[in-house]
Amino acid sequence: MIKVVDLHKSFGPLQVLKGVDEHIKKGEVVSIIGPSGSGKSTFLRCLNLLEQPDSGQIFFEGVEITDKKININEHRQKMGMVFQHFNVFPHLTVRENITLAPSLLKKVTQVQAQEQAMELLSRVGLADKADEYPRRLSGGQKQRLAIVRALAMNPDVMLFDEPTSALDPEMVGEVLNVIQSLMSAGMTSVIVTHEMGFAKEVSNRVLFMDEGIIMESGSPEEVFNQPQNFRTKDFLSRVLH
Amino acid sequence: MLETIEKLLTQYWFLFAKGTGYTLLLSGITVFFSSIIGTVFAMLRMSNWQIGKFRPLHFLITAYVEIIRGTPMLVQLYFFYFLLPKAVPQLDFSPFTCITVACIVNSVAYVAEIIRAGIQAVDKGQMEAARCLGMSQKQAMVKIIIPQATKNVLPALCNEFVTVIKETSIASTFFVGELMSQYKAITGALYLTIEPLIIIAVIYFVLTFSLSKAIAVFERRLQSGD
């Protein structure tokens, strides 16, 4: 579904990605773990061209989206993204946050968009908040809203960029539950996370990134229980107690 | 003194009314055009169109803003008062037109700065989230960024409009008929200084104060949103 070939990205003199190759298949749940500054968020943000790679190619559903001639907006509609800091729209109600993009871009009628929004909201337990503004929501509720906002576009893949890192500890669970139910329903997902237990439980595959490359890739059992690379071992020994 | 003020108001009210009218006309035209042109300039200044490393639009508008902000209003008024009729003699500009143009040119620079700051104050995650949903740059700007920026800029913009009303008094140097010009006329004719001054000060205050209050109400209405 997403194929990445020899991806490079620098910010000024700092080389963040130094040649990443990866193939994410339909229905797969891929977790990306690694120390801070290893390039995992940058890699994720390159997948929908939120960061423009310096070189390399990205194919999404067979189309090269790094090609300058394609209309990236069309392809982004099929790639949902969830951010660390939620980025819900504060000037719109919860319901409008969800209906805006579909009614603007997908030519669904207001009524259809509304129905879908309510259905999504009740799925994540926010139906009673539909007419509130986001400032009245807790962090966990904002993140659940951000997730269903992305789902309203019916994406083929979901990208999660540290979705629980900005949450108070007691709210991590509710957000992970939503993400997990999505994944078990077969949504192709890529998640950058520091929640090792979660990564171990939900992933089909775990990528360990460090120094701008994928150092190790394998099933959760392989990566967590029998890491081959000494950097992976070192990292895991520091984060798993 | 109160008697004199009363007498002035009953005998010469039409001069004060005319002055108020011209002040409102001059500042109204200025505010109208500077809001539109200022917004466009703010957008152009933020545009990324470049030739090599050089961003011509950014450079030109930044230079314009800096020059206007770095020179006195009075100098700018003189400049346009003398320059415009010479530059396009065919159009036969009246002093009022020259001064209006000068006021607009002045105010545009400030409005452009206010709007640029307001847009840049919107968290950049908002633009990213909008683009990730598949919106174009323009759609994201119109639906997500500008509504939030409006709230950011309203207080500063209101300030600028109050300033415009007050600064039109400088235009009296060229006797274009606004309040301060009427004051000069009355003083010249009646040898009265303080009394007419008090009257026009009150009028200026009523104008600016009611504008501030009106915008505050509007602002509260927007704020009730989030």
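These numbers come from the heavy atoms of this one structure, side chains and all, not from hydrogens, waters or symmetry mates. Letters A, B, ... are given to chains in the order of the sequence lines, protein chains preceding strands, and every chain is numbered from 1.
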Enquirer: Chain B heavy atoms under 4.5 Å from A:Phe89: which part of the residue, side chain, backbone, both or neither?
Expert: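 Looking at A:Phe89, backbone and side chain both touch chain B.
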
Enquirer: Would you say that more than 12 heavy atoms from the other residues, nucleotides or ligands in this model lie under 6.0 Å from the NZ of A:Lys26, or not?
Expert: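 No - once you tally the heavy atoms of other residues, nucleotides and ligands closer than 6.0 Å, there are 12 at most.
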
Enquirer: Kindly compute the distance separating NZ (B:Lys138) from CG (A:Asn73), expressed to the nearest 0.5 Å.
Expert: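 Atom-to-atom, B:Lys138:NZ and A:Asn73:CG are 12.5 Å apart.
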
Enquirer: Can you tell me how far CG of A:Asn87 sits from CE of B:Met127, rounded to the nearest 0.5 angstrom?
Expert: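 Rounded to the nearest 0.5 Å, the CE-CG separation comes out at 12.5 Å.
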
Enquirer: Using a cut-off of 6.0 Å, state whether more than 12 heavy atoms not belonging to A:Phe59 lie near its atom CZ.
Expert: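 Counting other residues, nucleotides and ligands, CZ of A:Phe59 exceeds 12 neighbours.
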
Enquirer: Counting only non-hydrogen atoms closer than 4.5 Å, does A:Val82 touch chain B with its backbone (N, CA, C, O), its side chain (CB onward), both, or neither?
Expert: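 Nothing of A:Val82, per the 4.5 Å heavy-atom cut-off to chain B.
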
Enquirer: Output the distance between atom SG (B:Cys132) and atom CZ (A:Arg45), rounded to the nearest 0.5 Å.
Expert: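 B:Cys132 SG to A:Arg45 CZ: 8.0 Å, rounded to 0.5 Å.
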
Enquirer: Above 12 or not: heavy atoms from other molecules or residues under 6.0 Å from NZ of A:Lys25?
Expert: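 Atom NZ in A:Lys25 is packed in, count exceeds 12.
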
Enquirer: Which pairs would a plain distance check flag for residues 151-172 of chain A, meaning a side-chain donor or acceptor within less than 3.5 Å of a matching protein atom at least two apart in sequence or in another chain?
Expert:
| unit_1 | atom_1 | unit_2 | atom_2 | d |
| --- | --- | --- | --- | --- |
| A:Asp161 | OD1 | A:Ser41 | OG | 2.7 |
| A:Glu162 | OE1 | A:Ser165 | OG | 2.9 |

Enquirer: Just checking B:Phe16: does its CZ atom have more than 12 heavy atoms from other residues, nucleotides or ligands closer to it than 6.0 angstrom?
Expert: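 Enclosed: over 12 neighbouring heavy atoms sit under 6.0 Å from CZ of B:Phe16.
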
Enquirer: Enter the distance from B:Leu133:CG to A:Leu104:CG here, rounded to the nearest 0.5 Å.
Expert: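 The CG atom of B:Leu133 sits 10.0 Å away from the CG atom of A:Leu104.
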
Enquirer: Pairs under 3.5 angstrom only: tabulate donor-acceptor contacts from the side chains of residues 119-127 of chain A to other protein residues two or more places apart or in another chain.
Expert:
| unit_1 | atom_1 | unit_2 | atom_2 | d |
| --- | --- | --- | --- | --- |
| A:Ser122 | OG | A:Met118 | O | 3.0 |
| A:Ser122 | OG | A:Glu119 | O | 3.0 |

Enquirer: Considering heavy atoms only, which positions within residues 142-150 of chain B lie below 4.5 Å of chain A?
Expert: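 B:Lys143, B:Ile144, B:Pro147, B:Gln148 fall under the 4.5 Å cut-off.
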
Enquirer: Between the side chain of B:Gln126 and the main-chain N/O of A:Val88, is any donor-acceptor distance below 3.5 Å?
Expert: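 Yes.
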
Enquirer: Which residues in residues 62-85 of chain B have a heavy atom less than 4.5 Å from any heavy atom of chain A?
Expert: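 The residues closer than 4.5 Å to chain A amount to none at all.
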
Enquirer: Is the count of non-hydrogen atoms from other residues, nucleotides or ligands lying under 6.0 Å from A:Lys78 atom NZ greater than 12?
Expert: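 Yes, the 6.0 Å shell around NZ holds more than 12 heavy atoms from other groups.
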
Enquirer: Would you compute the distance between atom CG of A:Leu105 and atom CD of B:Gln139 and round it to the nearest 0.5 angstrom?
Expert: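 Reported value, rounded in 0.5 Å steps: 5.0 Å.
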
